[in-house]
Each structure stands twice: as structure tokens, then as C-alpha cells.
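Model, not experiment: these values are computed from the prediction. So that the names make sense, note that chain A is the first sequence line, chain B the second, and so on, each numbered from 1.
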There are 4 protein chains.
Amino acid sequence: MTAQHGTAPGTRRRSEASRRAILTAAFELVGEVGYAKLSIEGIAARAGVGKQTIYRWWPSKGAVLFDAFLMLSEGEDDSAALPDTGDLEADLKTVLRATVAELNDPRYDEPMRALTTEILHDPALAAAYAERLDRPMKELKKQRLRSAQRAGQLSRDLDLDVAVEMLWGPLLNRWLQRGGPLTPEYADSVVETALDGLRPR
Amino acid sequence: MTAQHGTAPGTRRRSEASRRAILTAAFELVGEVGYAKLSIEGIAARAGVGKQTIYRWWPSKGAVLFDAFLMLSEGEDDSAALPDTGDLEADLKTVLRATVAELNDPRYDEPMRALTTEILHDPALAAAYAERLDRPMKELKKQRLRSAQRAGQLSRDLDLDVAVEMLWGPLLNRWLQRGGPLTPEYADSVVETALDGLRPR
Amino acid sequence: MTAQHGTAPGTRRRSEASRRAILTAAFELVGEVGYAKLSIEGIAARAGVGKQTIYRWWPSKGAVLFDAFLMLSEGEDDSAALPDTGDLEADLKTVLRATVAELNDPRYDEPMRALTTEILHDPALAAAYAERLDRPMKELKKQRLRSAQRAGQLSRDLDLDVAVEMLWGPLLNRWLQRGGPLTPEYADSVVETALDGLRPR
Amino acid sequence: MTAQHGTAPGTRRRSEASRRAILTAAFELVGEVGYAKLSIEGIAARAGVGKQTIYRWWPSKGAVLFDAFLMLSEGEDDSAALPDTGDLEADLKTVLRATVAELNDPRYDEPMRALTTEILHDPALAAAYAERLDRPMKELKKQRLRSAQRAGQLSRDLDLDVAVEMLWGPLLNRWLQRGGPLTPEYADSVVETALDGLRPR
DNA sequence: GTATAAACGAGACGGTACGTCTTGTCTTTTC
DNA sequence: GAAAAGACAAGACGTACCGTCTCGTTTATAC
């Protein structure tokens, strides 16, 4: 039950080598020349592939980029849970600091901005992103929060979606809009403020 | 005290009519055809203006779009403070619901996505945005929070920047990434959760 | 030994239809709007062709025009010799009168002026013109003179190149510079004067 | 009797300095960048003059070029007759060799080609050229021939216009179309052939 | 083992838009 | 009131890519 398609008479014989070359080229190129100058033509040339091979299998430039990200994330261990030492605040700071580090990593900055741009203007891609890349990550985050909730460290009636977005939203926004320095200290500050709330205790 | 520049010998005589026509055309067009199909050529044609007149005064498509937003926002009353009834939670809900309504308004959706895209890839534009459009708004928000802080409704040592970002960040992120329904109820939920914090009280 | 190219892997598949459409459009347009207003853009539009298809195959506007002339001249019978009734003077008058008629024909006037302009400023084009269009014609003319020479009607030591240029040069010059009326009588006069020479006999 | 316009009531205060600067700039520029890249804009910049000053006084780029030639030729002695040693053939060879030398002079090549181009497409300019530049020269040539005619060295009933064109036409044509080497020997050959005629004597 | 049919690399095609350049007009300021 | 300066609407320049469409050439079953 591994085959993606039952091998029907008019068989598909897609070239795996071309697929990988295209995705790799797309990811590298967007990092080198930036989103604005990324072109199908350029990807095809870099991958040593005919343009038609791209148009045959992907509906848009964004879809190629998206698959390039998927390919990368498949290398990672999906089942890897977030750290759970019992100390929620420390664990969250660890994870958010890691997020900050990744957002500041120049290897991922341009590609992620490019993908974000595509998501911004393509609802279908946005849905795919939410489903394939964002949801698994969010699920891990919610899992950690659920564990804390069971331990009585979080409000019983807390909406975990809102909680996750309140923790990661500020970071993403600073990154996207360059609305301020994106430092580990900022991550810590967000965690503390979110946990305690704005009101005095 | 009217002259913008001291009228030097070979002075500049920029056409205000062309400037307004270009900005108006840019804003309208991005709403009609979307960001991807927005072109300098199209803006010039719609504005009844030569392309060179655009290239002469703006360095990029994003800069035009940015100025179009600036022109709109200049119509608004900048000194208008956020509502302050004394009931912080209610006031915040009112404001965030208004934000939600604006983000959902189709007249602003495409233009704002377009501007966001440009900001995403152009640090200079991002700085201009932060300075000219975002900061004044953020100042108003912080002012309201400061008032609440003085009234003892917010922690004394609260970082107001973090607070503002924790309130508005989740909304903006849902909007940008279409990561879930952007409803008034969501706005309320964000306000409540932010004020009380994730921890049980 | 029939194949023009050994059909290599990435072979060329130039569109003959586009080529003809471009040349026809170029010839028609130069007659309609004149040389000064002839543009690649206009040719492409008239021919229903992308600009790149012109730039791909021709190095300059002049080269297109030149090929347009070539296409026309290929329709004509190249082997057609000049008339040879035995009466050299009469034959030359016939031919030069025909030349005068053609130069005065409004259908060819503008296109030929345009081509001449390009030749005037482009040595490479001038060489191509001399080789492909001018030389075959000149050869026919020299052939007729050679026949007369054999019949003792022309000096034995006559330089036929000089002779041809002395017969046709004055006509072309009047046409180019509009230096006087270009009439059949003028053609006759040139023939008579050239044959007899300026000196009294 | 030097003024071109009588000083009419609404007096003209045309700047002679600008006029000369424009004509000089035009002549120099056409020699430097060639006809194709000669622009009004460039002439104005080189001359340190506003574009309007050119448009105000000349109807076309060709007219500027034409006046530039006029200015040069005014420096020359118009009354200078062609050499008349009594030996017509030798005198003609001298003059035609001088013509050849001038046509081969790179300082005059480009400017003359440029002017020729303009004449080619502008009948009004052609008429001005014929009247102001060509006719005076032609008159000198005809004068020399008339002298020879009186001396019995040329046919009594010779059409001097045709004669002049038969002598100079071949040279100009070779120059224009680069239809062969333009050497002093060629000039000699033309003179000899024209004088003796094509027919055997 | 061939047939055969798809996917492939290559790249020409009709187009759109780019950013630059020049045209000829218009306007402002200086002399 | 002519001149220098230069903004303006218009539009062509030559280039880069778009997405579609043949071309021959692999290449991997299916016969």
C-alpha cells in the first residue's frame, strides 16, 4: 500500500531526479536572488530541466516553493515532541528562542519570506500550508500546552489555539514586518507576559 | 511660510495633479486586479501619466503603494485617541473588533496584502512603514494601555510594546496566513486571554 | 548530402509563417508610415508576432528591411538577361527608362529610400546588399555591355564596372538627392552622353 | 546687408552664441556618436542650451544638421573657381581626386552620411540642400566645363548638367553604397571614360 | 525483444511588462 | 521676451519571463 497511484495502463513515469533537482534549485535560487527575481525559467535552467516539466507538475511558482519546503521538513522528525521538563515557562522560552534563531538565520530568511508572499496571495496555497506544514507544528505546540494544562499550570478553560497564537504571533509579526529587534530576550518577555497576563496579579 | 523649498534657480516643479492621479490609480488597481497583476505600466495608463513620471519620483512599485496608503491615512484624524471609557477590556474588544472588520473588508484586503508583500521584501520600505504608518497607530494603542496602567488595571512593570504585539499580533497573523476564521469572537477571546494570562488565577 | 543541418538533439524549428509575416509587414509598413516612423514594435504588431521573434532572427531593423527586399527579388527571374536586340543604344535606353519608372513608382520609393538609409550607416548591410542584390543586377548589366563589346560597339579596353556606374550612377543620384527631374528623357540623355563621351567626335 | 531678418517691431533677440553652440555641437556629435544616436537632447546638452531653443528655431534634426553644414561652408571662399590650366582632363582628375579624398576623410564621412539621410527623407531639406549647398558647387563645375566647351574641348551641344552628374555621380554612389573602392585611380578612370565615351573612337 | 506512449531537454512562439531613452510641448524662473 | 532648466505625456527601445506549443530523445512498461 505504498504506491501513490495504482500502476494503471497509461502509466505515469515521473522522473524523481527531475523533481528533486527542481525543488533544490528553487530553494537555492530564492535564497540567492531573492523572491522578486525568482523565475520558472531560472529554476528550470538551474535544475537542467525543461520548463514544461515544471508546468506539468506544479500549478504555480508558489507551489514549487511550497513543495521545496515540504521536502526539507520531511527530513525532520515529525514525531519529535517539544521539550517537556515540567517547567512550562522554561520550556516555552527554549522553544521560542529556537524559533527566533531560525527566523534570524539568513539561510531561511529569504525562502520563508518568499513562501509567505505566495501564501499571502494564494488561498489554496495558504490552505495547503496550514494543513501540511503549520498544523503539524501547531499540534506539537498544543500538545505541550495540554500537558501543562493537565498539570494545572494553565487555565482549565484556555483556548489552546489562541494561546499558541498569542505566543508565536508576536514573533512572526516582528519578523515579517521587521517591527523591532527579534532577540531571545524578546522571546522571554513574550512568554512571561503571556503566562502572567497583562493584568496585575 | 508657504514655500516647501526655497525656490532655487533650477527649481523642481513637480505636478501635484499627476502625483494624486498616480496614487489613486495604484490603490484602485491593486484592489481590482490584485497584487500580482499590478504593473507600473497599468498605473501610468490608468492615471493618464507617462511611465517616466512614476520612475522619476518613486524608486519602486512598493513605494508608490506605500505613498497611496499614506495619502489615505492623511485624510484621517491622526490625533484621534482610542476609546477610553474606563473599562479596559470593553475598550480593547471594541478596537480589536474594528480591526477585524477592517481586515475583513474586501476594499482593504488586497491593497493591504500588496503593501505587506512589498514590506516583506524591502527593508527600506519596512522602515518607512514602521515610522510613518505603524508607529503613530502603535502610539495610540500604547497611550490607551498607559492610561489603564495608571489606573492600576495593568501590571506596573508591563512592557507596553510586548502587550500591544500580543493583542494585535494574533489577529494580523490569522489574516496574513488565513490561519483560521477572523471573527469578532476571536478578537474577544484574544483580549480576554491576554488580559488574564495563560496561567490560572 | 541533402540535409541542411544534421538534426542535432536540440534542433532549430524556425517558423516560416512568422518569417514571411514579418517581412511582408515590414515592407508594407515602411511604405505606409515612412522610414522615420518604422518601428520593430509596429512590425511585430502588424505581423501578429512577438517582438522577440524579430530580435531572435535579425540583428537590426535594417536587416529585416533587407530581407524583405530579398524576398521580393527572389520572386523575380534572376536569370532574365537584359534585352539584346543588337542596338546597344536602344537597349540601354529601354533599360534605363525602366529604371527611371521603377524609381518613380511610389510603391518602391519609400521602401528603397529606407533600405538606402540603412545601407548608408551599416557597412555590414552594405556588403550584404552589394553581394546579394546589387551584384547580380550589375552582372546582368555588364553581360549586356560585354556582348556589345564583342560586337565592336564598345571600346576594347573599357572598364565595364566604370561604364555601368557611369550609366546608372547619375540616375540613382538624382533619385536619392532629388537633384532634378527624373524623366525618360534624362535617361536617354545619359545614355547618349555616356556612349559618345563629353569630347567632341 | 548681413542680417538674415530685418529687425521687425516685435524684435528678435536671438542669441547668436546659442546658435553657434548648437550647430557646432550637432556637427561634433554626429561625428562622435553617429547618425543613429544623434538626438536633440544630446545636442542641447552638449551646447549647454535648453531644448526649446532648438525647437524654437529649427523644424527638425535634419535642419540643424543642414545649418551646421552651411556654417562650415560659409567659412570657405565661395567664389573660388575650379582650377583651369587649359588641360581639362588633368584639371578634372585633380578635382575628382580631391572629392575622393574628402569623401574618404573620416571627419566628414559620418556628418555627410547623416545629412544625406535627412535629405533622403525630407523633400524640403533636399530642396534647401540643392539650392544652398549643391547648386553653388555645381555652378563652379559647370563653369569649368563651359570654359572647356568654349575652347572646343567638349561637344558643342553637351548638356552640362548631365556631364557634371556623369562625372560626380559614380563617385557619390560608390561612397554612399560602399559599392567598391573609392580610390584616386577610380577617379581618373571615371574622367577618362566620361571624356572619351563608351564607344570606340 | 521489441513496440509504444509518457515524460523529458530544449527552445521557438505570441505576449506582457520591465526600466530607459527620446520626442516635442509646456511651465517656471532668470536675465 | 528669449533663454536655461527641466517636468510632462507619449511611446519605442531591447531584455526578461510568462505559459503554450512543438520537436526529437529517452525510458519503462506492456505485448
Side-chain angles (χ1 to χ4, degrees), chain A residues 7-15 17-19 37-45 47-57 59-61, chain B residues 7-15 17-19 21 36-45 47-57 59-61, chain C residues 7-15 17-18 21 36-45 47-57 59-61, chain D residues 10-15 17-19 37-45 47-57 59-61:
Chain A
T7 30
T11 317
R12 333 219 144 244
R13 276 160 296 114
R14 179 171 184 176
S15 159
S18 291
R19 185 182 153 273
K37 295 201 168 179
L38 180 68
S39 68
I40 298 275
E41 203 120 327
I43 296 170
V49 138
K51 281 198 293 176
Q52 198 58 253
T53 302
I54 300 182
Y55 285 109
R56 186 157 27 232
W57 301 109
S60 70
K61 194 167 67 178
Chain B
T7 30
T11 197
R12 333 228 139 235
R13 280 155 290 110
R14 180 171 185 175
S15 159
S18 292
R19 186 182 152 272
K37 295 202 168 179
L38 180 67
S39 67
I40 298 275
E41 202 124 327
I43 295 170
V49 138
K51 281 199 291 177
Q52 200 59 44
T53 301
I54 300 182
Y55 285 109
R56 184 155 30 231
W57 300 110
S60 69
K61 197 166 65 179
Chain C
T7 29
T11 198
R12 333 225 138 241
R13 280 158 290 108
R14 179 171 183 176
S15 160
S18 291
K37 296 201 168 178
L38 180 67
S39 66
I40 298 275
E41 202 123 326
I43 295 171
V49 138
K51 281 198 292 178
Q52 200 59 46
T53 301
I54 299 183
Y55 285 110
R56 185 153 32 228
W57 301 109
S60 69
K61 197 166 65 179
Chain D
T11 317
R12 329 220 147 240
R13 282 176 294 120
R14 180 172 184 176
S15 159
S18 291
R19 185 181 153 272
K37 296 200 167 178
L38 181 68
S39 67
I40 298 273
E41 201 118 330
I43 296 171
V49 137
K51 283 199 294 176
Q52 198 56 254
T53 303
I54 299 183
Y55 284 110
R56 189 160 19 236
W57 300 109
S60 69
K61 196 167 63 180

(request) Please tell me which of the listed nucleotides, E:dC8, E:dG11, E:dC13, lies nearest to the side chain of A:Arg56? (result) E:dC8

(request) Would you check if A:Arg56 and A:Thr53 make a side-chain contact, meaning some heavy-atom pair closer than 4.5 Å? (result) yes

(message) Just N and O in the side chain of D:Ser18: are any of them under 4.0 Å from OP1 or OP2 of F:dA3?
(response) no

(request) Sequence neighbours left out, what passes side-chain contact (heavy atoms from CB on, under 4.5 Å) with B:Leu38? Give chain and number order. (result) B:Leu29, B:Val30, B:Ile43, B:Lys61, B:Leu65

(request) Output all residues satisfying side-chain contact (heavy atoms from CB on, under 4.5 Å) with D:Ser60, sequence neighbours left out; order by chain, then residue number. (result) D:Ala63, D:Asp122

(message) Looking at A:Trp57, I'd like to know whether one of its side-chain N or O atoms comes within less than 4.0 Å of OP1 or OP2 on E:dC8.
(response) yes

(message) I need a per-nucleotide contact map over nucleotides 15-22 of chain E, read 5' to 3'. Cutoff is protein heavy atoms under 4.0 Å; write B for the base, S for backbone only, - otherwise.
(response) B-BBBBBS

(request) Give the minimum heavy-atom separation between D:Ile54 and D:Val49, together with the two atoms involved. (result) CG1-CG1, 4.3 Å

(request) Write down the distance between CD1 (A:Ile43) and P (F:dA16), rounded to a whole number of angstrom. (result) 18 Å

(message) Does E:dG9 have OP1 or OP2 under 4.0 Å away from a side-chain N or O of A:Thr53?
(response) yes

(message) Distance criterion of 3.5 Å, no angle test: do you see the side chain of B:Arg13 paired donor-to-acceptor with the base of E:dT28?
(response) no

(request) Report yes if some heavy atom in the side chain of A:Trp57 is under 4.5 Å from a heavy atom in the side chain of A:Arg14; otherwise report no. (result) yes

(message) So which atom in C:Ser39 and which in C:Gly42 form the shortest heavy-atom distance, rounded to 0.1 Å?
(response) OG-N, 2.9 Å

